[in-house]
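Just so it is clear, the values below take in all heavy atoms, side chains as well, and ignore hydrogens, waters and symmetry mates. A, B, ... follow the sequence lines: proteins, then strands. Residue 1 opens every chain.
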Amino acid sequence: MEKTYQPSDIEQSWYQTWEEKGYFKPSGKGDSYSIMIPPPNVTGSLHMGHAFQDSIMDALTRYHRMKGNNTLWQVGTDHAGIATQMVVERKLAAEEGKTRHDLGREDFLKKVWEWKEESGGTITRQLRRLGASVDWEHERFTMDDGFYKAVQEVFIRLYRDKLIYRGKRLVNWDPKLHTAISDLEVENKEKQGHMWHLRYPLSDGALTSEGKSYLVVATTRPETVLGDTGVAVNADDPRYQSLIGKFVDLPLAGRRIPIVADEHADMEKGTGCVKITPAHDFNDYEVGKRCKLPMINILTQNGEILDQAEAYNIDGSINEALETHIPEDLRGLDRFQARKALVAHFEELGLLEEVKDHQLMVPYGDRSGVVIEPLLTDQWFVKAAPLALPAIKAVEDGDIQFVPKQYENMYFSWMHDIQDWCISRQLWWGHRIPAWYDEEGNVYVGRSEEEVRSSNNISDEVSLSQDNDVLDTWFSSSLWTFGTLGWPELTERLKTFHPTDVLVTGFDIIFFWVARMIMMTMYFMKDEDGKPQVPFKYVYVTGLIRDESGEKMSKSKGNVLDPLDMIDGIELEDLVQKRTGNMMQPQLAQKIEKRTRKAFSEGISAHGTDALRFTLYSLASTGRDINWDMKRLEGYRNFCNKIWNAARYVLMNTEDHDCGQNDKPYELSLADKWIVSKLQECEAQVEKHVSEFRLDLASQSLYDFIWNEYCDWYLELSKPILTNESSSQEQLTGTRRTLVRVLEAILRLSHPFLPFITEEIWQRIAPLAGKQGDTIMTQDYPVADPSRIDNNALGDIEWLKGVIVGIRNIRGEMDISPGKPIPVFLHNGSDEDKKRFESNKAYISALAKLESMEWLTGEAPLSATQLVGSMEVLVPMAGLINVEAEVARLTKELDKAAKEIGRLNGKLNNEKFVGNAPDDVVAKEKAKLADAESSYKILNDQVEKIKAL
RNA sequence: AGGACUAUAGCUCAGUUGGUUAGAGCGCUACCUUGACAUGGUAGAGGUCGGCAGUUCGAAUCUGCCUAGUCCUACCA
């Protein structure tokens with residue numbers, strides 16, 4: 001083996017071998033265990049958040065595979081409708097100066113597929129580099145034919161069951177992307193704006209109770225005045241009661257609109273009068289429905305003022321009676337220009353009462369970044385409430401559990417107030433809606449035009465046209481757990497692997513995806529007894545990975561880290577280039593460059609996949625975001641190096657020797673029994689922590705055992721035996737056997753977390769440990785055996801550590817060179833101390849570099865003292881030790897003991913404590929006090945003795 | 001406005017049902033190129049557990065209030 005650990009030498013070739021040999025496929029044996037990967041965008045690339053979640057999924061997958069489960073990690077990608085279409089449109093504009101309309105739907109879609117083929121490999125390459133043990137043979141893409149069949153089937157059945165409907169409704173309209181988007185895709189941001197107070201003259205000479213001839217309404221969007229169809233007041237409002245049923249003359253539009261009573265008007269707020277624009281405001285839409293007001297749309301799909309408004313009745317039918325005039329100079333104006341123009345008109349007319357500064361929440365499209373406009377359009381909706389009921393119950397009943405649990409509240413609060421889901425998108429890239437229209441506008445839903453014709457007896461003379469819209473990407477993603485397994489066919493895979501075991505994802509898509517997956521899956525997937533099947537039993541919600549100062553990683557901030565750069569390393573110049581190239585907002589480039597040069601002045605060095613993964617696990621405590629720290633990554637690379645070198649040591653001392661493979665007699669030392677006991681403890685901890693999704697604690701247990709017990713102590717303890725010429729063959733074999741077998745167990749135990757380095761080392765270690773197999777991946781996962789825990793060995797070695805650390809402490813504090821052998825006396829030992837001394841003498845002597853060690857007989861020479869229990873470990877001072885330093889050291893110890901005694905006395909003299917605390921706690925405190933007092937006495941005597949000189 | 005989460009060593013984080021002398025890694029200090037490892041070893045320094053009050057024999061841990069930060073939901077004519 002090479003002297004230093006070089007991850008790049010081993011990782012890629014092992015992955016290739018595993019994949020070629022088919023180790024990632026389900027074994028077909030054992031209870032099934034399955035995880036569906038949250039499908040990343042096929043044209044995107046994986047960021048640190050993906051690396052985090054995928055590493056967790058891989059650890060769970062590898063763990064259960066080794067546990068003997070029939071394990072499937074299903075892989076696939078998502079077509080990401082809006083995002084992908086936007087990318088291709090931008091590309092098309094940049095390269096050919098064309099819009100998608102220039103190409104036409106069919107040719108544009110060809111371009112998208114080309115782009116998908118071109119860029120789609122990025123994700124899969126990255127997954128391979130992360131070591132993801134996914135079943136590549138069954139990779140799925142949401143736009144594949146098979147998956148489309150599932151999407152279509154779901155749409156058709158929901159339509160048939162009256163859970164999908166089409167209608168003219170107010171939706172969130174993106175005037176840039178020309179599509180409807182769902183509530184969840186709207187980002188509300190606080191903005192400084194204005195509130196305009198406008199006068200609406202009362203018709204027919206009516207007056208308010210204050211004798212005014214007009215009402216005052218307030219609005220933040222004056223341009224919507226053109227679409228007003230009423231003014232609402234509260235029925236209990238004495239100021240306006242008498243006006244209910246009367247009219248106002250709507251300025252500019254030339255319309256008489258009614259004054260209606262509605263609870264929406266709050267007497268306390270503003271003037272108490274609310275203008276009602278049902279076609280341009282969600283609240284007003286509801287008021288319109290209640291008060292049977294018509295709806296007037298004044299905007300085009302670009303958000304510009306129409307030449308003539310469009311009037312509809314509240315049921316969506318066309319209203320021909322209403323006046324739809326729009327003043328000439330406003331026509332065609334953009335909504336924000338129209339706002340200014342309209343205010344100017346009101347001012348000229350003397351109808352502008354006042355303008356106030358006003359903070360308001362403005363909705364923006366999360367993709368386009370433009371202000372979203374509520375707009376009246378024909379859309380398809382899923383009736384969500386009936387689907388939500390069983391989905392709520394599943395979580396209430398614990399059939400699905402969120403980890404950490406508090407996310408259940410978030411889920412419930414959204415589900416209890418769920419709105420119908422607008423699923424149509426005015427895009428080209430996506431699953432086209434399986435609905436056809438005849439010339440009268442009748443709708444037929446079916447699998448194909450032929451099917452629609454035959455099942456509805458439509459002759460070939462009647463022309464049918466398919467709906468132009470596609471479905472929301474999340475509609476298809478919501479079928480992911482069963483759609484990927486072959487549904488609507490009842491495949492063997494579906495039966496075997498559904499429901500899946502755990503979903504690993506971020507909290508940001510609980511509503512978008514998790515909730516909708518639960519609703520859809522429970523509607524379509526049933527057990528044999530008809531009980532709805534959940535998509536997964538656990539939802540493990542991870543935190544976000546943020547940058548070193550806690551900021552969210554984003555391209556525009558330029559603080560994004562690519563997981564592959566952590567693995568392979570990257571030069572500073574390349575990193576700067578990567579972060580500043582191809583930006584949406586090039587003006588930020590300079591700032592980003594500066595920031596990058598500051599944070600990574602040396603670039604990023606290579607750390608390897610194993611180190612990256614282990615870092616991610618170590619930081620994966622639940623319910624908490626992670627501030628990424630390069631120093632942690634370095635630390636865990638060092639950990640890998642430590643394992644590497646420990647393996648080198650083991651191999652050097654065991655290869656070409658008998659390691660107990662052949663049933664020859666061997667003898668286990670105390671140290672052997674001790675490390676085997678510690679291994680059992682570690683195995684039990686890892687098992688417990690993994691079962692509770694605490695991969696941070698699991699990795700901590702491994703780190704601690706491997707570095708602080710196996711390497712720091714056991715390897716050192718093996719040296720005295722292996723290098724001592726008088727060691728017997730049985731002793732040598734026993735030690736070699738333990739070295740190799742514990743290491744082999746460590747490798748298996750660590751493999752789900754550190755897949756590559758464990759495989760590389762295991763290949764050489766396994767035969768020495770009597771193990772056979774082509775790969776560590778399919779070996780049995782270690783299981784703790786409590787019968788192998790030897791409490792005597794545990795106690796003895798802890799005692800031994802105490803003695804050695806005590807001597808080293810004296811060495812360290814007294815500046816005695818580590819290489820200089822020193823004599824040691826022991827004094828005041830119990831029978832047990834004496835027994836332990838006899839059996840550990842050789843170890844102590846070697847590890848503490850002693851010249852001699854014996855029980856004190858007669859007068860003690862002047863010495864530096866350490867206590868192990870009440871036994872004194874004495875290092876004679878002659879020529880070695882500085883008196884003042886020793887007094888200082890002892891005084892420090894003495895102070896500590898004194899403080900402890902004071903604290904314990906206070907506690908034990910408190911009758912309430914002694915009376916109330918459990919006996920074992922009291923006994924423990926008493927024992928502590930006795931120890932502290934005895935230490936104090938011995939230390940004090942020692943100080944006196946030295947001082948007396 | 002409602003809700004959730006966070007606050008522990010200089011930094012990044014653990015701390016299970018209240019019983020600790022509050023832990024880890026990195027960083028820091030001193031010493032050490034000893035035969036697995038300087039991507040290392042040995043020893044050490046470093047914390048009034050955000051603040052205040054309460055419950056309790058006992059609080060980092062439970063309760064209330066406050067402060068700071070992050071996020072979600074809703075509303076604002």
Side-chain angles (χ1 to χ4, degrees), chain A residues 1 3-5 188 195 197 217-221 231-232 264-266 269-277 281 283-284 287 358-361 404 406-407 409-410 413-414 417 507-508 510-511 543-544 546 548 550 552 605 607 611 615 618-619 621 623-653 688 692 694 696-697 700 703-704 708 711-712 715-716 719 723 805 808-813 815-819 849 896 899-900 903-904 907 910-918 920-922 924-925 928 932:
Chain A
M1 281 172 79
K3 189 172 171 188
T4 47
Y5 161 65
N188 291 303
M195 177 79 81
H197 291 244
V217 296
T219 180
T220 54
R221 294 187 298 153
V231 173
H264 174 59
D266 186 337
K269 264 189 207 157
T271 59
C273 302
V274 190
K275 66 192 273 303
I276 303 298
T277 325
D281 183 282
N283 283 316
D284 294 4
V287 176
H358 182 68
Q359 288 249 334
L360 71 165
M361 294 294 258
Q406 70 252 22
Y407 286 105
N409 293 330
M410 192 166 154
S413 70
W414 191 69
D417 187 32
F507 66 90
D508 48 334
I510 288 181
F511 306 141
L544 242 51
R546 298 168 175 278
E548 64 285 354
K552 218 165 159 170
S605 62
H607 295 84
T615 309
S618 300
L619 297 172
S621 55
R624 188 174 175 136
D625 286 351
I626 292 172
N627 295 350
W628 184 250
D629 179 3
M630 292 298 293
K631 292 290 185 185
R632 294 292 294 255
L633 180 60
E634 259 171 56
Y636 293 115
R637 181 189 54 188
N638 297 351
F639 176 55
C640 291
N641 184 59
K642 191 75 182 175
I643 295 175
W644 186 264
N645 279 294
R648 286 181 63 226
Y649 169 79
V650 172
L651 285 170
M652 280 165 75
N653 286 288
K688 173 174 185 283
E692 291 167 352
R694 289 302 303 270
D696 58 328
L697 298 179
Q700 178 65 38
Y703 185 100
D704 187 55
N708 301 332
C711 293
D712 280 356
L715 295 190
E716 295 305 321
K719 287 175 187 175
T723 56
V805 169
R808 284 177 179 168
N809 179 280
I810 292 173
R811 245 187 217 284
E813 303 244 334
D815 258 348
I816 301 171
S817 123
K849 273 258 162 54
K896 233 180 178 173
K899 232 168 97 185
E900 178 77 350
R903 196 183 61 83
L904 289 164
K907 221 169 182 179
N910 182 344
E911 279 172 35
K912 287 182 180 164
F913 170 72
V914 180
N916 287 315
D920 60 321
V921 173
V922 176
K924 223 163 100 189
E925 298 296 300
K928 279 191 217 163

* To do: Indicate, with a heavy-atom threshold strictly under 4.0 Å, whether A:Met410 touches base, sugar-phosphate, or nothing.
  => nothing
* To do: Indicate, with a heavy-atom threshold strictly under 4.0 Å, whether A:Leu697 touches base, sugar-phosphate, or nothing.
  => sugar-phosphate
* Just call it for A:Ser413: base, sugar-phosphate, or nothing, with non-hydrogen atoms closer than 4.0 Å on any strand. => nothing
* Asked: What does A:Lys552 touch in the nucleic acid at a heavy-atom separation under 4.0 angstrom: a base, only the sugar-phosphate, or nothing?
  -> nothing
* **G-U wobble or Watson-Crick pairing nucleotide for B:A4 (cut-off 3.5 Å, both distances)** => B:U70
* Asked: What are the two closest non-hydrogen atoms of A:Asn641 and A:Tyr5, and how far apart are they?
  -> OD1-N, 3.4 Å
* To do: Please state whether the phosphate of B:C26, meaning OP1 or OP2, lies under 4.0 angstrom from any side-chain nitrogen or oxygen of A:Asn638.
  => no
* To do: Output yes when at least one side-chain N/O atom of A:Lys3 is less than 4.0 Å from OP1 or OP2 of B:C37, else no.
  => yes
* Would you indicate what A:Met195 reaches in the nucleic acid, counting non-hydrogen atoms under 4.0 angstrom: base, sugar-phosphate, or nothing? => sugar-phosphate
* **Listed nucleotide nearest any side-chain atom of A:Phe507, set B:C71, B:C57, B:G15** => B:C71
* Minimal non-hydrogen separation, A:Cys640 against A:Ala611, with atom names -> SG-N, 4.1 Å
* Which atom of A:Arg811 lies closest to which atom of A:Lys849, heavy atoms considered -> NH2-O, 2.8 Å
* Across all strands, who's sitting opposite B:C57 as a Watson-Crick or G-U wobble pair, both distances under 3.5 Å? -> B:G19
* Across the strands shown, which category fits A:Lys899 at heavy-atom distances under 4.0 angstrom: base, sugar-phosphate, nothing? -> nothing
* Work out which heavy atom in A:Arg648 is nearest to a heavy atom in A:Asn645; give both atom names and the distance. => NH1-OD1, 2.9 Å
* To do: Kindly give the heavy-atom pair with the smallest separation between A:Asp625 and A:Gly543, and that separation in Å.
  => OD1-CA, 3.5 Å
* Looking across every strand, which nucleic acid part, if any, lies under 4.0 Å from A:Cys640 by heavy atom: base, sugar-phosphate, or nothing? -> nothing
* Structure fact -> Taking for A:Gln406 and for A:Gly819 the nucleotide of RNA chain B with the nearest heavy atom, the one nearer the 5' end belongs to A:Gln406
* Asked: Counting any heavy atom closer than 4.0 Å, what does A:Asp266 reach on the DNA or RNA strands: base, sugar-phosphate only, or nothing?
  -> base
* To do: Once you apply the 3.5 Å cut-off to both distances, tell me the Watson-Crick or G-U wobble partner of B:G25, or none.
  => B:C11
* If you look at every strand shown and take non-hydrogen atoms under 4.0 Å, does A:Tyr407 touch a base, only sugar-phosphate, or nothing? -> nothing
* What nucleotide, of B:A36, B:U12, B:C5, holds the atom closest to the side chain of A:Asn645? -> B:A36
* Asked: When all nucleic acid strands are considered with a 4.0 Å heavy-atom cut-off, which category describes A:Arg221: base, sugar-phosphate, or nothing?
  -> nothing
* With both distances under 3.5 angstrom, what nucleotide forms a Watson-Crick or G-U wobble pair with B:A45? -> none
* For A:Arg637, answer base if it contacts any base atom (sugar-phosphate contacts may also be present), sugar-phosphate if it contacts only those atoms, and nothing otherwise; contact means non-hydrogen atoms under 4.0 Å. => base
* Asked: Would you say a side-chain N or O of A:Lys642 is under 4.0 Å from OP1 or OP2 of B:G41?
  -> yes
* **Other residues, nucleotides, ligands: >12 heavy atoms within 6.0 Å of A:Lys896 NZ** => no
* Across all strands, who's sitting opposite B:G64 as a Watson-Crick or G-U wobble pair, both distances under 3.5 Å? -> B:C52
* Structure fact -> Against the side chain of A:Ala917, the closest entry in B:A24, B:C32, B:C57 is B:C57
* To do: Check whether any side-chain nitrogen or oxygen of A:Arg624 sits under 4.0 Å from OP1 or OP2 of B:A7, and answer yes or no.
  => yes
* Structure fact -> Checking N1-N3 plus N6-O4 or O6-N4 for Watson-Crick, or N1-O2 and O6-N3 for wobble, each under 3.5 Å, the partner of B:C75 is none
* Roughly how many Å is it from CH2 in A:Trp644 to P in B:C37, rounded to a whole number? -> 14 Å
* If every non-hydrogen atom of A:Asp284 is compared with every non-hydrogen atom of A:Lys275, which pair is closest and at what distance? -> OD2-O, 3.3 Å
* Distance test, side-chain N/O of A:Asn916 to OP1/OP2 of B:C57, below 4.0 Å -> yes
* Closer than 4.0 Å, any side-chain N/O of A:Lys719 to the OP1 or OP2 of B:U34? -> no
* **Selection from B:C75, B:A43, B:A36 that lies nearest to any side-chain heavy atom of A:Ala646** => B:A36
* Asked: With a 4.0 Å cut-off on heavy atoms, is A:Thr220 in touch with a base, just the backbone sugar-phosphate, or nothing at all?
  -> sugar-phosphate
* To do: Give the rounded distance in Å between these two atoms: CZ of A:Arg632 and P of B:U12.
  => 11 Å
* Would you mind classifying the nucleic acid contact of A:Val921 as base, sugar-phosphate or nothing, using non-hydrogen atoms under 4.0 angstrom? => base
* Straight-line distance of A:Tyr703 OH to A:Ile643 CD1, nearest 0.5 Å -> 10.0 Å
* To do: Calculate the interatomic distance between A:Ile816 atom CD1 and B:U34 atom P; express it in whole Å.
  => 20 Å
* Asked: Where the side chain of A:Met361 is defined as all heavy atoms beyond and including C-beta, which of B:C76, B:U12, B:C57 is the nearest nucleotide?
  -> B:C76
* Asked: Phosphate oxygens OP1/OP2 of B:C13: is one of them under 4.0 Å from a side-chain N or O of A:Asn627?
  -> yes
* Nearest-Å distance for atom pair CG/P, residues A:Asp696 and B:G15 -> 7 Å
* **Separation of B:U20 C1' from A:Leu904 CG (nearest whole Å)** => 11 Å
